[in-house]
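Chain letters run A, B, ... following the sequence lines, proteins first, then strands; residues in each count from 1. Owing to the predicted nature of the structure, the values given are computational and were not obtained by experimental measurement.
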Protein chains: 2
Amino acid sequence: MSDPRNVRKAVTVTDIALGSGVSRATVSLVLRGSPLVHADTRAKVEAELKRQGYVYNRSAANLRRRTSSSVALVINDLSNPFFAEFAAGVDDAVAAEGYVVLLGNTGESPERERAVLASLMEHQPAGVILSPAEHSDGERLESALGTQAPVLVFNRELPGAHWDFLALDNRHGARLATEHLLELGHRRIAFFGGHADSSSCRERRQGYADALQAADISPQPQWQIETAPTRLDAAASSQALFAGAADAPTAAVCYNDTVALGLMLGLTAQGRRPGHDFALTGFDDIPEAALATPALTTIAVDPRARGRQAAELLLQRIREPERAAQRTIAPVRLLARASSCAPLGSA
Amino acid sequence: MSDPRNVRKAVTVTDIALGSGVSRATVSLVLRGSPLVHADTRAKVEAELKRQGYVYNRSAANLRRRTSSSVALVINDLSNPFFAEFAAGVDDAVAAEGYVVLLGNTGESPERERAVLASLMEHQPAGVILSPAEHSDGERLESALGTQAPVLVFNRELPGAHWDFLALDNRHGARLATEHLLELGHRRIAFFGGHADSSSCRERRQGYADALQAADISPQPQWQIETAPTRLDAAASSQALFAGAADAPTAAVCYNDTVALGLMLGLTAQGRRPGHDFALTGFDDIPEAALATPALTTIAVDPRARGRQAAELLLQRIREPERAAQRTIAPVRLLARASSCAPLGSA
DNA sequence: CTGAAAGCGCTTACAG
DNA sequence: CTGAAAGCGCTTACAG
């Protein structure tokens, strides 16, 4: 923290009052745009404000008024473009309402998460948007967060927490992707990639199963391939799709875009042409998806809009603190591109 | 901003003093870890702190002590992974010193930049890290920034500004890439992509020219191809490299990775095999660079380390406000990968 | 080692 | 419409 002797003497309301021959109260009224002060007085004060280069000390005002003009934003992984976009969306919406963002990045560490929250709470945010680290524990967070500020949890459900919650519609997204492949004429459709124990993977598999069931297809166990959510592991696991030659799938709903791009690589290495011999879809719409060859059909989640939405929900809650906690599921949409072709030999 | 009636009554030092039978001054000393207070008293107060769920009001303390515990971070484009990583690095280093980050994203708009800075300055940051928007004007920013807090400018030079400055070594990076191609045996080397009027492009071209000149090669004008810094335009411009059939280049130093990946696409479309028929290098080391086929030789700039470095420089300046403004050029390094092959027909 | 008092920069009833 | 006074939650000389 900064050393007192380094802080140059700031211009205060007292300086302005002295300089323009009015009381501090009047200066304050001018600053807050009160209609009570005479236009001439206002003009005089405003000139003095400009002349002395006054900058408002909002912390002091917040202290006196018992208000807050900041929102804490705690992100599990800012280097992930998805969350960076989310943060940009939060900043957008929050700035439009006159709030400032107090940022904390936890890098997926629950310990850092606790430390960061404790530090941010000391700055009296009006609310907190928390995208939890993996394995972070809701109950322990409650003590770090206290009850002063409302909290909105994003993306990952927090066991044992009773706060507002915003998440993507994983289930519906996977269902949309699967239905799209069904409409193209595929019947043997795999679900490829991801760790089945992660909640997002579980939800996406569920949506996949929903769609198949609605089409009277029972998903074969060998159509469900687990991989690490990385390009490399996805590429390496691609031949597993074709183990049972007779009923090998003709298409795959992939856990996410990264996995889908890895699968494309793997298919190509096997001499199969994605988007021609084999159809596939991703999830997330990362920038590369549109640029891949073939372009990847995927589910857009629009992280920036999610950030704005999270901010709106929090601001609403700040206004109505007594309302019951709320779960919001954000819409997702299908982006059909070249990677989802019709099955070979279909009309 | 939040409405006063929503702020639940906070626990204050007065409550703790009352609850533990000491004066507020003593509670304050306990909070700040002073050795002046007796161990028993300390224990008693700490128990009360825990019991009442006290949370320190750092703004009030900052007001009284005339200190600040925040740093403003203003980013031109948070959705760019390079800057998101940079922000993560800043947060890292700044949090380690007990500061909190006040985030602002300008989305490359000079107007928003001014608004964001004005709003952040009202929160009395101890310093400001500013990655300027394109076309933002140093002189106009000075008035928004005032003289209260020291400023560190990152990445883009601000005409007319006299603040600390941190930038990448664009010139040296391009020189490294060019030298690498020369060592592989190339003699006809292009500089491909980017707008020649951007400062980073100019600096990179300079490094390219330096290396060629040191090798007694005079760069041909037709080896220097301008493009928008996008994959699409780079792909579309790739045949321009081979216009002069006789002395067509065998390799290209690309403005950045995005352009290099676009060039790869363009080459492939023409039936040339990048990394085999033609060598190329990028700049930035974006995540895709390592994953491309062939993997892209590039210049790593390590944005997260740059963020930490920016924070260090600012904190240093906060400690020594009187020191003269300082220009720092951050190191870059060559990552040789498969895309930079030897010329065809060389041993 | 502890307490009473003043003050950081602001705002807000309350008088006038 | 303007001013004097009190107070937000903290810290810090200064006494004791």
| task | Give a yes or no on whether a salt bridge exists between Arg323(B) and Asp164(B), defined as a side-chain N under 4.0 angstrom from a carboxylate O. | result | yes
Residues 71-78 of chain B, side-chain donor-acceptor partners within the protein, below 3.5 Å, at least two apart:
unit_1	atom_1	unit_2	atom_2	d
Asn76(B)	OD1	Ser131(B)	OG	2.9
Asn76(B)	ND2	Glu108(B)	OE2	3.1
Asp77(B)	OD1	Ser79(B)	N	3.1
Asp77(B)	OD1	Ser79(B)	OG	2.7

| task | Check for a donor-acceptor pair, side chain of Ser20(B) on one end and backbone N or O of Lys44(B) on the other, with a separation under 3.5 Å. | result | no
| field | Name of the residue among Ser68(A), Ser70(A), Ser69(A) meeting side-chain hydrogen bond (donor to acceptor under 3.5 Å, both in side chains) with Asn62(A) | value | Ser69(A)
| Pair pattern of DNA chain C in dot-bracket, where unpaired bases get dots and | marks partners in another strand, Watson-Crick or G-U under 3.5 angstrom | |||.||||||||.|||
| request: Before accepting this row, confirm whether a basic side-chain N of the pair Arg140(B)/Glu113(B) lies closer than 4.0 Å to the acidic partner's carboxylate O. | output: no
| message | Under 4.0 Å, heavy atom to any atom of DNA chain C: which of residues 28-46 of chain A qualify? | response | Ser28(A), Arg32(A)
| field | Separation of atom CZ in Arg64(A) from atom C1' in dA5(D), rounded to whole Å | value | 11 Å
At a cut-off of 3.5 Å, list every protein nitrogen or oxygen paired with a nitrogen or oxygen from nucleotides 14-16 of chain C, distance to 0.1 Å.
none

| query | What pair of heavy atoms forms the shortest contact from Arg112(B) to Thr106(B), and how long is it? | reply | CB-O, 3.8 Å
Result block: side-chain N/O donor-acceptor pairs under 3.5 angstrom for residues 31-40 of chain A, not counting sequence neighbours:
unit_1	atom_1	unit_2	atom_2	d
Ser34(A)	OG	Leu36(A)	N	3.0
His38(A)	ND1	Asp40(A)	N	3.0

| task | Could you check which residues of residues 18-27 of chain A get a heavy atom under 4.0 Å from DNA chain C? Sort them by number, please. | result | Arg24(A), Ala25(A)
| field | With His123(A), the side-chain contact (heavy atoms from CB on, under 4.5 Å) member among Val100(B), Leu102(B), Asn57(B) | value | Val100(B)
| Is the phosphate of dG7(D), meaning OP1 or OP2, less than 4.0 Å from a side-chain N or O of Arg65(A)? | no
